[in-house]
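This report refers to the structure that appears directly beneath it.
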Amino acid sequence: MSFVLGFYVTLAFNRWWGQYTSFPLPDNLMMVVSGNVHGLDERGRLLRRTLMRYANLSSVLILRSISTRVRRRFPTLEQVVDAGFMTSLEHQQLDGLYSDFNKYWMPLTWFTNLASRARQEGRVRDDVALRLLMDELNNYRGKCSLLFHYDWISIPLVYTQVVTLAVYSFFGFCLIGRQFLNPEKGYKGHQLDLYVPVFTLLQFFFYAGWLKVGELIINPFGEDDDDFETNQLIDRNIQVSMLAVDDMHQNLPPTEKDKFWVERYFSVPNSTAAETLRPTFMGSTYDISFESGQAVSMPFVYKDECGDVDRKVKDVSLVRDRQLKVSHLQTERGEGQFKVAVELIQANDNEQSSC
């Protein structure tokens with residue numbers, strides 16, 4: 001029971017979280033539009049606002065198809081026009097384009113064509129900026145498409161039915177099988193020692209509550225208290241989109257030197273309450289101290305290819321002074337020393353140094 005129910009709730013939760021992370025937020029797209037569609041005149045402002053309006057219109061169209069709250073707010077496309085997401089001419093053109101499938105992607109196609117026109121007009125200054133616009137738009141479109149597929153492909157109904165039937169059948173049998181025998185009958189080993197089935201009640205609260213959680217989060221686009229506030233997200237998205245591409249476009253605060261301009265080493269001040277919470281971790285072994293012992297110097301011997309003559313420290317200086325250079329290196333650990341076998345050759349030719 002725990003495995004079947006736990007797997008079902010885990011599957012439902014992953015689906016719920018995936019739908020939340022797939023909600024199309026225009027933040028990345030509006031940053032790219034604000035930074036790459038140039039022009040402080042009316043034409044530039046019109047291009048930026050229209051691009052972001054198309055993006056938000058696409059999200060409204062897809063949410064009308066999957067969210068009860070948004071559908072109740074915009075029952076027809078006329079309400080979408082009245083809300084300002086779409087003009088009357090755009091509504092006529094959208095209705096004039098025939099398709100058996102959902103048309104949420106059409107405003108994004110208008111976005112791509114308008115971005116290409118802005119590139120031709122020089123509002124988008126190079127192809128790299130246009131490519132960046134297209135990449136962010138495709139990410140935005142992918143999230144809209146993912147929401148549509150989440151609504152289309154749901155958890156198989158037979159699995160939900162099996163889990164529900166298993167939970168209720170389990171407690172139905174518990175209701176009968178866990179009853180105490182009548183002590184007046186004198187059954188051996190069956191005396192009434194507990195009147196309230198505490199553990200059965202706990203199981204019912206846990207399992208039934210667990211099942212209820214799974215049922216509630218299967219579709220988070222409803223009108224329950226715990227469902228997504230899709231209407232509030234729509235209002236937030238259109239407001240911040242227009243703010244980023246219109247009022248904030250090239251509207252920068254004056255560039256000034258920061259507070260720590262002349263200080264090489266500085267720390268950010270803390271309040272009195274935060275000072276006690278400042279982390280002081282310096283490392284696990286930072287405060288460990290050991291008794292100081294005598295320093296031991298391990299001999300470091302250079303051994304040449306002949307094997308019976310140890311080169312002295314002077315050959316080290318020869319290598320350092322580039323009179324000799326190392327041609328071959330081989331290491332070996334001996335008793336109490338670490339030996340490095342090298343082949344020293346003359347620095348100017350390939351002539352090997354004699355043993």
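If you read the sequence from its start, that first residue is 1, and numbering goes on from there.
- In this structure, Phe266 and Phe260 have parallel ring planes: the angle between them is below the 30° cut-off, well short of the 60° mark.
- Considering only heavy atoms from C-beta on, Phe228 stays 4.5 Å or farther from Ser67 through its side chain.
- Each side chain to side chain donor-acceptor pair (under 3.5 Å) pair with one or both residues in residues 203-228, not counting sequence neighbours, appears once here: Ser2-Tyr207, Arg72-Glu223, Arg178-Gln203.
- Asp258 CG to Glu263 CD: the interatomic distance, rounded to the nearest 0.5 Å, is 9.5 Å.
- How far CZ of Phe206 is from CG of Leu5: 13.0 Å, rounded to the nearest 0.5 Å.
- Between Arg131 and Asp135 there is a salt bridge, with a side-chain nitrogen of the basic residue lying less than 4.0 Å from a carboxylate oxygen of the acidic one.
- In terms of modelled atom types and a separation under 3.5 Å, the side chain of Arg48 and the main chain of Val245 share a donor-acceptor contact.
- Between Leu47 and Glu121 the shortest side-chain heavy-atom distance falls below 4.5 Å.
- Looking only at side-chain heavy atoms (C-beta outward), Ile218 and Ser154 stay at 4.5 Å or farther from each other.
- Taking the six-membered ring where the residue is Trp, Phe23 and Phe221 present parallel rings, their angle staying beneath 30° rather than reaching 60°.
- A search for side-chain contact (heavy atoms from CB on, under 4.5 Å) contacts involving Asp246 returns Arg45, Arg49, not counting sequence neighbours.
- The aromatic rings of Trp152 and His149 lie tilted to each other, with the angle between the two planes from 30° to 60°.
- A salt bridge links Arg236 to Asp27: one of the charged nitrogens lies within less than 4.0 Å of a carboxylate oxygen.
- No single ILVMFWY cluster, assembled from side-chain heavy atoms under 4.5 Å apart, contains both Tyr20 and Leu11.
- Put simply, the side chain of Arg123 never gets that close to the backbone of Gly39: no donor and acceptor are under 3.5 Å apart.
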